[in-house]
Amino acid sequence: MADYDPQEIERKWQKLWEESGEFDTEAAPGRPKYYVLEMLPYPSGTLHMGHMRNYTIGDAVARYKRMRGLNVLHPLGWDSFGLPAENAALQHNIHPREWTNSNIAQMKAVCRRFGFSYDWRREISTCEPEYYRWNQWFFLRMYKRGLAYRKLSRVNWCPKCQTVLANEQVVDGCCWRHDTTPVESKSLEQWFLRITAYSDALLDDMKQLEDGWPERVLTMQRNWIGKSVGARVRFRLAGDPERSIEVFTTRIDTIYGATALFLAPDHPLLPGLFAEQADRARLEGEWNELRRNILRPAELSAEKMGFFTGRYVENPFSGDQMPIWAANFVLSEYGTGAVMCVPAHDQRDFEFCRKYGLPVKVVIQPAGGEAPISAEGLEAASSGYGILVDSGPYSGLSSGQALERMSADSRERGFGRPETIFRLRDWGISRQRYWGTPIPIIYCEKCGTVPVPDDQLPVRLPDKVEITGRGSSPLAGVPEFVNTRCPQCGGAARRETDTMDTFVDSSWYFYRYTDPHNRQAPYDPAAVAYWFPIDQYIGGIEHAILHLIYSRFFCKVMRDLGLVTHDEPVMRLFSQGMVQKGGVAMSKSRGNVVPAMDVAERYGCDTGRVYMLFAAPPEKDLEWSEQGIEGCSRFLHRVFRLVERHAERLRPVPSENPHGLAAASLTDTERALLRKTHQTLKRVTDDFEIRWHFNTSVAAIMELVNEFYGREPVEENARPEIIKGCLEHLIQMLAPFAPHLAEELWETLGHHGRLGQAAWPAFDPELASEDEFQIVVQVNGRVRGHVLATAGLPDEEVVRRALADPKLAPFLENKKVVKTVVVPNRLVNVVVR
RNA sequence: GCGGAAGUGGCGGAAUUGGCAGACGCGCAGGACUUAGGAUCCUGUGGCCGAAAGGCCGUGUGGGUUCAAAUCCCACCUUCCGCACCA
């Protein structure tokens with residue numbers, strides 16, 4: 001008997017698949033489609049098992065859906081612009097393009113060695129001009145619509161990357177790639193994409209995603225967008241009614257309780273407030289001290305500080321005079337940079353006022369019978385909604401009523417208006433780097449900022465450039481690139497030398513897969529109309545906001561440009577867990593990686609795939625275990641031997657897959673094999689369709705294999721055509737997980753067509769059904785015995801048999817049966833007293 | 001601090017609708033085959049008591065609902081994740 005040789009089998013089928021274009025797909029209007037996609041990888045070098053998990057999940061799904069008869073689009077490409085290529089260039093004196101392309105070649109070889117069912121004709125690489133010209137094309141369309149603009153702004157600067165970061169790329173005050181490097185603040189001219197124009201759309205359209213996206217991703221996006229509905233209110237400066245300070249508040253209902261007004265330390269009006277005062281010098285000293293103590297996100301426990309500016313404002317509702325303080329916890333970049341201080345109803349204000357002895361005034365009493373609160377009795381702010389008191393004409397209203405009426409009144413009386421603000425900021429995309437998409441803008445002395453015309457795209461990245469790793473755009477040092485002609489007046493002009501954030505590349509790449517070689521447009525809308533939206537997207541949770549919010553934004557822009565008709569690009573999102581070794585995520589920097597190629601060479605890729613799916617449910621983190629993978633290797637060997645043992649006898653026999661029990665007179669063994677086969681089929685199918693828990697699919701198939709082994713020699717008690725039918729189902733169910741072995745065994749059983757194109761077996765509930773059950777017999781909820789019952793036996797009869805079980809007798813002695821509970825085909829519980 | 005997820009044998013995990021907790025795999029123990037086994041096949045394997053039959057205990061902790069709870073409710077503990085002076 002031949003031995004299972006994964007190397008030979010896998011090589012054979014990969015070659016055949018490639019030659020026949022097995023996984024090439026074409027749009028076929030009218031035929032049901034399925035678009036399954038794994039997040040675009042960055043070509044960092046060699047692939048390790050930590051990378052392979054989402055490809056394995058995606059490939060199992062793609063293969064399953066093909067067997068269900070769907071037209072499956074399953075592509076892969078490369079997110080090939082980005083900083084590591086420049087760092088490699090510095091370190092090894094190699095051109096970023098060369099480094100990148102050699103990594104791609106290596107990684108692609110691993111993907112091929114794993115037999116992933118990609119349509120490689122659709123492969124894209126974002127650093128190729130054929131791709132990035134469409135980044136420029138989209139940018140220009142956004143520019144024309146005012147969605148791309150340039151402004152001087154304070155930006156996040158990572159000293160390690162030597163470039164600017166978007167807000168989304170700053171985590172806990174540090175760079176997302178260098179989590180121990182605090183970002184610095186710089187003022188630079190930057191290009192922005194106006195994602196805030198879609199704040200409400202990004203929020204509202206999440207309703208379409210509630211069924212298909214993980215709740216925590218939606219929550220993170222909601223928090224990130226940070227919508228606040230409130231009001232803007234203007235406070236006049238006491239003694240100087242021409243000047244005023246605006247605040248934003250979500251709690252205008254508490255405004256009668258305001259006892260001060262706080263300004264952010266770098267509020268522009270602040271220096272002017274104490275300019276004319278006698279103790280100006282002291283105030284400026286305080287101010288400088290306070291500015292040294294502006295709270296950074298990392299130091300939350302730091303103490304609140306502030307000082308009285310010596311000036312007052314007038315509360316436009318109550319007429320009260322309120323002192324103006326500067327406070328270190330007020331954010332200058334959020335809202336108006338000024339807030340009203342309501343210590344009774346805001347915890348931060350409460351703490352500040354207790355420290356500096358400012359008065360506390362209660363204006364909201366809790367509704368619904370709770371004890372009323374008083375300023376003296378408060379130990380913490382009472383921030384809930386309630387009923388207004390001491391609030392002039394608004395006393396007696398509920399918070400809800402007051403919020404609406406008071407913001408409307410503020411508008412009518414000319415000192416305010418309802419306002420909604422967002423935490424979301426526009427997306428800064430300028431990067432002072434070489435290895436990215438050039439921003440297609442030309443600066444002309446006469447004409448100003450001029451977009452590059454479409455027919456001059458792509459603006460190509462020059463090959464020759466000096467990369468220094470220091471903080472200025474490398475392209476600025478390439479005169480052939482910088483010096484150009486103005487497209488409008490033809491005069492001498494200079495090109496923009498910053499490149500785009502690489503998240504621009506990945507914001508729309510999945511559209512390009514539908515039409516990857518189009519030279520006239522980013523894609524044919526008809527191709528997108530057929531394939532979109534993406535049915536299943538699979539990737540890591542680290543992109544919960546970054547990539548996934550940018551992509552949603554791009555989709556909405558495309559929709560408004562008339563390029564797509566859907567609102568959301570991705571219907572279902574799945575975040576797989578990480579692969580760990582030694583309890584921490586596999587990564588090159590930690591040095592705990594298991595190279596994917598090693599696994600393929602040692603065990604075969606089928607074994608590696610089965611392990612990735614079997615060791616844990618896909619959303620959980622998975623610990624790499626050499627013993628675990630050996631178990632999976634044993635399992636595949638076991639399957640191989642099982643089929644091989646029967647193959648010669650079964651090859652000439654027609655397989656029989658009886659449907660229903662009446663048609664065939666079955667032996668006990670046949671019945672048992674068919675039952676287990678169809679029970680397994682139900683479990684595996686449900687795991688694909690509903691549960692997405694492939695660990696239990698693999699376990700179910702293992703059970704089926706064990707069933708065969710437990711009944712060997714099966715040929716003595718079962719007809720060959722029944723055995724063959726069951727083995728075929730077994731192989732089909734294995735195909736999404738271990739496709740090479742499955743193809744080989746399919747052929748071993750005498751088939752000539754490809755297994756990947758064979759239909760998924762039809763489930764027959766009648767064959768799966770049990771006709772006899774072991775009923776658990778409980779007394780007062782504790783298991784005391786078992787009885788056998790045939791399906792459909794009346795409850796009374798089941799109870800009668802249960803009570804007749806001699807094992808129960810000691811527990812029934814001197815007791816009265818109060819009640820019996822019957823769970824059909826499962827359990828009888830006798831309640832006694 | 002707020003929000004979310006999780007906590008089950010020696011280990012990874014299973015229990016899909018409240019119905020025998022521990023499927024499947026690893027590990028471990030024993031056996032068969034064998035010159036040999038780190039191959040393969042078979043058996044056993046939550047803890048405690050017991051020769052066995054069987055009994056008691058057991059899903060982070062404490063309470064509750066129920067004939068019946070890993071599963072539902074309340075309180076708490078631990079771990080992980082997200083948000084964090086966002087006015």
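Not measured: the values here are computed from a predicted model.
- Annotated as anti: B/G82, whose O4'-C1'-N torsion sits more than 90° from 0.
- Considering only side-chain atoms of A/Arg634, the nucleotide from B/G27, B/C24, B/C85 that sits closest is B/G27.
- For A/Phe262 and A/Phe329, the ring centers sit closer than 6.0 Å to each other.
- Regarding A/Leu636, its CG atom lies at a distance of 16 Å from the C1' atom of B/A39, rounded to whole Å.
- With both ends at atom P, the span from B/A69 to B/C20 equals 11 Å, rounded to whole Å.
- Pairing partner, B/G54: B/C49, with both Watson-Crick or wobble hydrogen-bond distances short of 3.5 Å.
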B/S/- along nucleotides 2-16 of chain B (protein heavy atoms under 4.0 Å) is ----------BSSSB
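- A close approach under 4.0 Å does occur between a side-chain nitrogen or oxygen of A/Arg638 and OP1 or OP2 of B/C42.
- With a 3.5 Å ceiling on both atom-pair distances, B/A36 lacks any Watson-Crick or G-U wobble partner.
- In this structure, A/Glu770 pairs ionically with A/Arg675, as a charged nitrogen and a carboxylate oxygen lie closer than 4.0 Å.
- Distance noted for atom P between B/A21 and B/G46: 14 Å (whole Å).
- The base of B/C83 is not paired with the side chain of A/Asn223 by any donor and acceptor separated by under 3.5 Å.
- Taking atom P on both nucleotides, B/G12 is separated from B/G7 by 12 Å, rounded to a whole Å.
- When heavy atoms are screened at a 4.0 angstrom cut-off, A/Arg423 is found touching base atoms of the nucleic acid.
- For B/G54, the OP1/OP2 oxygens have no side-chain nitrogen or oxygen of A/Arg782 closer than 4.0 Å.
- Nucleic acid contact class of A/His637 (heavy atoms, under 4.0 Å, all strands): none.
- Protein atom CD of A/Glu333 is 12 Å distant from nucleotide atom C1' of B/C85, rounded to whole Å.
- Taking a pair to require two hydrogen-bonding distances under 3.5 Å in either a Watson-Crick or a G-U wobble arrangement, B/C24 pairs with B/G12.
- The CG atom of A/Asn825 sits 13 Å away from the P atom of B/C20 (whole-angstrom rounding).
- Across all strands, A/Val776 comes closer than 4.0 Å to base atoms (heavy-atom distances).
- Taking only side-chain atoms of A/Gln627, from C-beta outward, the nucleotide of B/G19, B/G27, B/C85 with the closest atom is B/G27.
- Each of A/Phe248 and A/Lys807 was assigned the nucleotide of RNA chain B with the nearest heavy atom; the assignment lying further toward the 5' end belongs to A/Lys807.
- Annotation: A/Phe635 is not in aromatic contact with A/Phe614 [ring centroid separation under 6.0 Å not met].
- Per the geometry, OH belonging to A/Tyr709 stands 16 Å off C1' belonging to B/C24, to the nearest Å.
- Base contact: A/Val330 has a heavy atom under 4.0 Å from a base atom.
- If you check every strand for non-hydrogen atoms under 4.0 Å, A/Asp349 touches nothing.
- Using a 4.0 Å heavy-atom cutoff across all strands shown, A/Gly631 reaches sugar-phosphate atoms only and no base atom.
- For the P atom pair drawn from B/G1 and B/A70, the interatomic distance equals 32 Å after rounding to whole Å.
- Here the P atom of nucleotide B/C41 and the CZ atom of A/Arg645 are 12 Å apart, to the nearest Å.
- Heavy-atom distances to RNA chain B give each of A/Arg784 and A/Arg251 a nearest nucleotide, and the one nearer the 5′ end belongs to A/Arg784.
- Salt-bridge annotation for A/Glu813 and A/Lys815: absent, with no side-chain N of the basic residue lying under 4.0 Å from a carboxylate O of the acidic one.
- Nucleotides B/G64 and B/G54 have their P atoms positioned 32 Å apart, rounded to a whole Å.
- Whole-Å rounding puts the A/Gln580 CD to B/C81 P distance at 11 Å.
- Separating the P atom of B/U45 from that of B/G10 is a span of 16 Å, rounded to the nearest Å.
- For A/Phe574 and A/Trp213, the gap between ring centers reaches or exceeds 6.0 Å.
- Here the two rings, on A/Trp427 and A/Tyr550, have centers that are under 6.0 Å apart.
- Taking the C1' atoms as reference points, B/C77 lies 28 Å from B/C85, given to the whole Å.
- Atoms CG and CG, from A/Leu424 and A/Leu202 in turn, are 7.0 Å apart once rounded to the nearest 0.5 Å.
- Other residues, nucleotides and ligands contribute at most 12 non-hydrogen atoms within 6.0 Å of the CZ atom of A/Arg826.
- Separating the CD atom of A/Glu712 from the C1' atom of B/C42 is a distance of 13 Å, rounded to the nearest angstrom.
- A close approach under 4.0 Å does not occur between any side-chain nitrogen or oxygen of A/Arg222 and OP1 or OP2 of B/C86.
- Here the straight-line distance linking atom CD of A/Glu716 with atom CD of A/Glu712 works out to 9.5 Å at 0.5 Å rounding.
- Because its NZ or CZ atom is not both nearer than 6.0 Å to the ring centre of A/Phe248 and within 45° of the ring axis, A/Arg232 does not count as a cation-pi partner of that residue.
- Base pairing of B/U78: its partner is B/A6, meeting the Watson-Crick or G-U wobble criterion (both donor-acceptor distances under 3.5 Å).
- With a cut-off of 3.5 Å on both pairing distances, the Watson-Crick or G-U wobble partner of B/G30 is B/C42.
- When Watson-Crick and G-U wobble pairs are counted only if both distances are under 3.5 Å, B/G19 pairs with B/C67.
- Going from the P atom of B/C72 to that of B/U17 covers 11 Å, rounded to whole Å.
- The CZ-C1' distance, from A/Arg348 to B/G1, rounds to 12 Å in whole Å.
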